[in-house]
Number of protein chains: 2
Amino acid sequence: MGRVSQSHALPEPDPGPAQARGLRAQKKHQTRLAMHRAALELVVEKGLSGVTAQMIAERAGVSTRTFFNHWATKESAILGVVGDEGIRAVASLREKLEEMEARDALRAVLREGIANIPVDPGLRDLKKHVMAEEPSLQLISSGNLHAMQNELVDVIEEALDGEYARDHAVILVQVSFALTRSAFAISMRRGIDLVRAFDQVIELYDSGEFNR
Amino acid sequence: MGRVSQSHALPEPDPGPAQARGLRAQKKHQTRLAMHRAALELVVEKGLSGVTAQMIAERAGVSTRTFFNHWATKESAILGVVGDEGIRAVASLREKLEEMEARDALRAVLREGIANIPVDPGLRDLKKHVMAEEPSLQLISSGNLHAMQNELVDVIEEALDGEYARDHAVILVQVSFALTRSAFAISMRRGIDLVRAFDQVIELYDSGEFNR
DNA sequence: CAGAGATGTTGCATTGACTGCACTATTGCA
DNA sequence: TGCAATAGTGCAGTCAATGCAACATCTCTG
């Protein structure tokens, strides 16, 4: 009965994709996946606005309350957001900044980031389809990126000099994220791998067509 | 919380800032402004999550229902969203594309767009303060831009040639919006005019620091 | 200037996202 | 086996948002 509820019990991030330590963690991850899958399927069937949290919970075989114990919002269940990527990205950026230019470091981090997006193979196509159909989800998805932007700006600012260090950092981050978003769009449209699209975008961009 | 309403009977945009035709339209605009002001004040006082639509309506002297007749969401009342900018932007872009390069045309349109953001002088500082305090509003704000992005991409694609016309267009639009967002951030931080910030960002960007 | 139609405002009822709380059910571990 | 930790659940409640129907207030026309 010792309900020592700590912080506002926000929906915790997912520990690991597959190799869960205990039986307990395994089950949890399983439940989570079931909800994510159910969410995707239902959105395909009925469209985003035609799906309620209750439906998703029901199909996944859990209570509505449990659903919201796992996901902060209906949309995050659909997107299958993990959460702690921001922290890793910042750490990764710090390391890279010691051996390369800010621009390249940032690009590398973003490339890493999108390469590590965990997608259950069975859900890959489903998710792609949903994302293509529901633009507002794209927006939310890039909104998740938004959260880490400021932190990245801070880190990069430290690595730059001059009066306009922060302005530089801001622009650099914004533009880099813009390229990432472009990669998302192009990947979706052409049906190609996201990382591949990212590389193509970088190449196109660096070709200089955009600076005159 | 995170509602992403896809309203059908959308609350109509505001006809004109000041010189409203009839008495009716005048009153309407007045009501609208009262709500916008109330929303901003309350957010300053209690924070975004501490404010309910009811509170805003009450302070503005209207019913809750009326509140939602004017604004699609609580947040749009705070931001004072007008709405029909997208249409104007697209038309404007079409014109400009006939006399200048895609990049410059797009920049010009964006510059126009931010220059025309209607802000009641009395609310300017209030809004700036609120935007600085509540990052999630910034996100929503740029989300509004998001809607017109695809249309702009379409228009620009027509103006470009080659196999990669659309990819070019996507990247161009994304990057240009990134610069605009940067201008927002910098304008906020330095407390300078948005258009001025935009010009500075463009200058900084074109200086070439970002392409090597 | 009267009356009809258009438009703004409101109350009411309802749906659906989310949250806090108290409680039960499992699981991990000593 | 016994107990602490943690996942899952039911319930009640808040708040955003919407449809609907009644009502109030212009606006415009004959």
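Every chain is numbered from 1 and lettered A, B, ... according to where its sequence line falls, protein lines coming before strand lines.
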Send over the distance from Gln54(A) CD to dG10(D) C1', rounded to a whole Å.
13 Å
Is a donor-acceptor pair below 3.5 Å formed from side chain Arg65(B) to base dG8(C), judging by atom type as modelled?
no
Could you state the atom-to-atom distance from CG of Asn69(B) to P of dA6(C) in whole Å?
18 Å
Atom CG of Leu48(A) and atom C1' of dA17(C) are separated, to the nearest Å, by 13 Å
When rounded to whole Å, the NZ to C1' distance for the pair Lys28(A) and dA5(D) reads 12 Å
Quick check for you: among dC18(C), dA17(D), dC15(D), whose closest atom lies nearest to any side-chain atom of Lys74(A)?
dC18(C)
I'd like to check His168(B) versus Leu172(B) (side-chain heavy atoms, cut-off strictly below 4.5 Å). Are they in contact?
no
Grab the CD-P distance between Glu58(A) and dT9(D) for me, whole Å please.
13 Å
Please report, rounded to the nearest Å, how far the P atom of dT7(C) is from the CD atom of Gln30(B).
21 Å
Run the salt bridge (charged side-chain N to carboxylate O under 4.0 Å, His left out) check on Glu112(B) and Arg107(B) step by step: do they pass?
CA-CA 8 Å; Glu112(B) 258 178 25; Arg107(B) 285 181 178 184; over 6 Å; no
Lys/Arg N to Asp/Glu carboxylate O, Lys127(B) vs Asp120(B), below 4.0 Å
no
Verify the contact: side-chain N or O of Lys27(B) to OP1 or OP2 of dC26(D), cut-off strictly under 4.0 Å; return yes or no.
yes
Would you kindly give the CE-to-C1' distance between Met35(B) and dT10(C), to the nearest whole Å?
13 Å
Think Thr31(A) has a side-chain N or O under 4.0 angstrom from the OP1 or OP2 of dG8(D)?
yes
Considering just the side-chain nitrogens and oxygens of His70(B), establish if one lies under 4.0 Å of OP1 or OP2 belonging to dT9(C).
yes
So, is Thr66(A) close to the dG8(D) phosphate, meaning a side-chain N or O under 4.0 Å from OP1 or OP2?
no
Please tell me if the side chains of Lys74(A) and Thr52(A) come closer than 4.5 Å, counting only heavy atoms from C-beta onward.
no
Atom CZ of Phe68(B) and atom P of dT15(C) are separated, to the nearest Å, by 18 Å
Main chain of Ala77(A), side chain of His36(A): is a donor-acceptor contact present, judged purely on distance under 3.5 Å?
yes
